[in-house]
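Please read the structure below before turning to the comments.
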There are 2 protein chains.
Amino acid sequence: MLERACRLLQSYNLRNTPQRRAILAILIESRGEHPDSEEIYRRLKANKTGKKVGRATVYRTLELFEKLGIVARLTLDGTPARYELILPERFVHHHLVCLKCGKLIELDDLAAKEFKNTVFRRKGFTVADKAMKIYGYCRDCQNAEQSGKSTAVIDASASIQ
Amino acid sequence: MLERACRLLQSYNLRNTPQRRAILAILIESRGEHPDSEEIYRRLKANKTGKKVGRATVYRTLELFEKLGIVARLTLDGTPARYELILPERFVHHHLVCLKCGKLIELDDLAAKEFKNTVFRRKGFTVADKAMKIYGYCRDCQNAEQSGKSTAVIDASASIQ
DNA sequence: GTTAGTGCAAACGTTTTGCAAGGTA
DNA sequence: TACCTTGCAAAACGTTTGCACTAAC
């Protein structure tokens with residue numbers, strides 16, 4: 001992973017700086033957690049051994065990594081963007097996003113493939129490999145959601161006020 | 001639609017103000033366009049016959065309508081939220097979101113149903129009726145996307161600089 | 001008259017940008 | 001040496017909030 005990134009940087013005359021290495025290291029060690037920019041920044045600061053890193057650099061680096069195809073940016077509603085490594089061996093990253101707890105669950109490609117074909121057939125729309133996000137409720141939150149469903153209108157009135 | 005909204009407001013002791021009526025009217029006349037808050041605000045200002053409406057009121061009204069189930073809020077990446085009426089007769093609103101031109105295409109429920117079942121079977125994840133968003137490339141943008149696909153890395157280097 | 005709703009402006013949190021200083025190749 | 005990259009601070013952006021005023025019921 002690290003070597004792959006180094007090669008990519010080199011091939012574009014981009015510099016292999018300690019900041020970029022540190023951010024990549026955090027992305028590697030937090031695989032599956034989908035940290036946001038603030039979380040990455042926090043971890044950089046916690047890491048006393050490394051150089052000082054500014055918030056702007058975090059954003060600029062993540063943007064760069066995204067362009068290089070090293071990192072995927074995930075956005076969910078109005079919340080801060082979250083980032084994850086793109087693993088070369090498993091290119092497709094569909095996500096199930098829990099509307100209650102915000103958890104991201106990765107969906108295997110197989111289930112998606114058939115659906116993508118259907119969408120293409122019906123609408124001429126090509127589903128992007130890395131960008132499919134499905135909103136709903138995860139197993140853990142499901143009971144709560146179902147009991148809340150029938151009282152949705154009452155919930156609305158409760159939150160007004 | 002208007003009557004339905006009036007009844008909803010009444011039933012919660014919420015007031016039927018000219019601002020709320022104006023915003024609802026815009027949502028009705030812009031069906032299928034998915035305007036964002038700024039676009040709604042702009043149309044309100046353009047409408048000289050109506051009262052003056054502040055930005056905050058637009059946000060507060062849209063939030064209220066969302067809670068009442070009149071309006072659905074759509075968020076796409078880092079772009080401003082977009083809004084659409086929820087039509088009672090067609091409750092489900094899956095969207096195909098074009099990553100290139102930003103167009104939203106509504107996906108009929110049938111194609112989605114089967115996929116939802118698969119997801120539930122495999123992951124115990126319940127896909128929310130109103131919140132499924134599928135990213136990809138619409139028919140119109142597709143040729144451009146395909147020719148760009150193979151040169152993705154070059155594109156990245158081009159936008160660096 | 002009561003209370004919900006409004007406009008304004010200021011605050012908010014995330015992200016982007018300008019710029020001079022610093023570090024990599 | 002060249003110029004990419006950084007940190008800082010300030011700005012930008014969409015959105016939310018506090019408050020005194022207004023208007024619906």
Side-chain angles (χ1 to χ4, degrees), chain A residues 5-24 34-42 44-45 47 50-68 71 73-83 102 156-161, chain B residues 5-24 34-42 44-45 47 50-68 71 73-83 102 156-161:
Chain A
C6 285
R7 263 182 282 114
L8 270 169
L9 290 173
Q10 249 177 0
S11 69
Y12 290 116
N13 284 323
L14 300 169
R15 290 178 182 168
N16 180 1
T17 66
Q19 291 90 337
R20 287 177 181 167
R21 271 178 267 129
I23 291 171
L24 193 60
H34 313 284
D36 62 15
S37 146
E38 188 59 26
E39 175 62 23
I40 292 166
Y41 177 66
R42 211 177 303 128
L44 286 168
K45 279 211 301 195
N47 184 0
K51 287 212 157 183
K52 201 183 225 181
V53 180
R55 240 178 275 264
T57 299
V58 176
Y59 281 107
R60 282 188 282 229
T61 302
L62 290 169
E63 193 194 351
L64 174 67
F65 284 175
E66 199 189 352
K67 282 181 188 156
L68 293 176
V71 153
R73 170 197 248 226
L74 309 162
T75 53
L76 160 55
D77 262 36
T79 64
R82 298 163 71 174
Y83 300 85
S157 90
S159 48
I160 295 161
Q161 252 305 344
Chain B
C6 285
R7 265 181 280 114
L8 269 169
L9 291 173
Q10 250 177 359
S11 68
Y12 290 116
N13 284 324
L14 300 169
R15 289 174 185 172
N16 181 1
T17 66
Q19 290 89 338
R20 286 177 182 167
R21 269 178 270 129
I23 291 171
L24 193 60
H34 313 283
D36 63 15
S37 147
E38 189 59 25
E39 175 61 24
I40 292 167
Y41 177 66
R42 210 176 305 128
L44 286 168
K45 278 210 302 194
N47 184 0
K51 286 209 159 187
K52 201 184 225 180
V53 181
R55 242 177 275 263
T57 298
V58 175
Y59 281 108
R60 281 188 283 231
T61 302
L62 289 170
E63 192 193 352
L64 174 67
F65 284 174
E66 198 188 353
K67 282 181 186 156
L68 293 176
V71 153
R73 171 197 249 229
L74 310 162
T75 53
L76 159 54
D77 262 31
T79 65
R82 298 163 70 173
Y83 300 85
S157 90
S159 46
I160 296 160
Q161 255 304 348

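Computed from a predicted model, the values in this text were never measured in an experiment. Letters A, B, ... are given to chains in the order of the sequence lines, protein chains preceding strands, and every chain is numbered from 1.
- Remark: T75(A) pairs with R73(A), A81(A), K133(A), D77(B) by the side-chain contact (heavy atoms from CB on, under 4.5 Å) rule, at least two apart or across chains.
- Distance D36(B) CG to dC13(D) C1': 12 Å, rounded to the nearest Å.
- With sequence neighbours left out, the salt bridge (charged side-chain N to carboxylate O under 4.0 Å, His left out) criterion links R55(A) to E38(A).
- Taking the C1' atoms of five terminal pairs at each end of the helix from dG1(C)-dC25(D) to dA25(C)-dT1(D), the two resulting helix axes are inclined by 30°, rounded to 10°.
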Test log, rule side-chain contact (heavy atoms from CB on, under 4.5 Å), inputs T61(B) and I40(B): CA-CA 11 Å; T61(B) 302; I40(B) 292 167; over 6 Å; no
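- Partners of P18(A) by side-chain contact (heavy atoms from CB on, under 4.5 Å), not counting sequence neighbours, listed by chain and number: R21(A), K51(A).
- With sequence neighbours excluded, no residue forms a salt bridge (charged side-chain N to carboxylate O under 4.0 Å, His left out) with R15(A).
- One atom, CD of E63(A), and another, P of dT6(D), lie 12 Å apart when rounded to the nearest Å.
- Remark: C1' of dT24(C) and CG of N13(A) are 12 Å apart, rounded to the nearest angstrom.
- Per the geometry, NZ belonging to K67(A) stands 14 Å off P belonging to dC4(D), to the nearest Å.
- Near DNA chain D, meaning a heavy atom under 4.0 Å from it, residues 54-62 of chain A has G54(A), A56(A), T57(A), R60(A) in order of number.
- In this entry the distance linking CG of L14(A) with C1' of dG23(C) reads 15 Å, nearest Å.
- Residues forming a side-chain hydrogen bond (donor to acceptor under 3.5 Å, both in side chains) with Y41(B) (at least two apart in sequence, or on another chain): none.
- Heavy atoms of Q19(A) sit under 4.0 angstrom from primed sugar atoms or phosphate atoms, though from no base atom.
- Closest approach of N16(A) and L9(A) over heavy atoms only: CA-CD1, 4.2 Å.
- Rounded to an integer number of Å, the gap from R73(A) CZ to dT16(C) C1' is 11 Å.
- With sequence neighbours excluded, the residues satisfying side-chain contact (heavy atoms from CB on, under 4.5 Å) with Q19(A) are T17(A), V53(A), T57(A).
- For A22(B), the side-chain contact (heavy atoms from CB on, under 4.5 Å) partners two or more places apart in sequence, or in a different chain, are L44(B).
- In this structure, Y41(A) atom OH and dG13(C) atom P are separated by 16 Å, rounded to whole Å.
- The salt bridge (charged side-chain N to carboxylate O under 4.0 Å, His left out) test applied to R7(B) returns no partner, not counting sequence neighbours.
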Distances under 3.5 Å between protein N/O atoms and the N/O atoms of nucleotides 21-24 of chain D, please, pair by pair.
from: dA24(D); atom 1: N3; to: R15(B); atom 2: NH1; distance (Å): 3.2

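- S37(A) and Y59(A) share a donor-acceptor pair across their side chains, judged by distance under 3.5 Å alone.
- Between R82(A) and R20(B), the residue anchored nearer the 5' end of DNA chain C, judged by the nucleotide with its closest heavy atom, is R20(B).
- Distance, L44(B) CG to dC8(C) P: 13 Å, rounded to whole Å.
- For the OP1/OP2 pair of dA25(C) and a distance below 4.0 Å, the side-chain nitrogens and oxygens of Q10(A) include no atom meeting the criterion.
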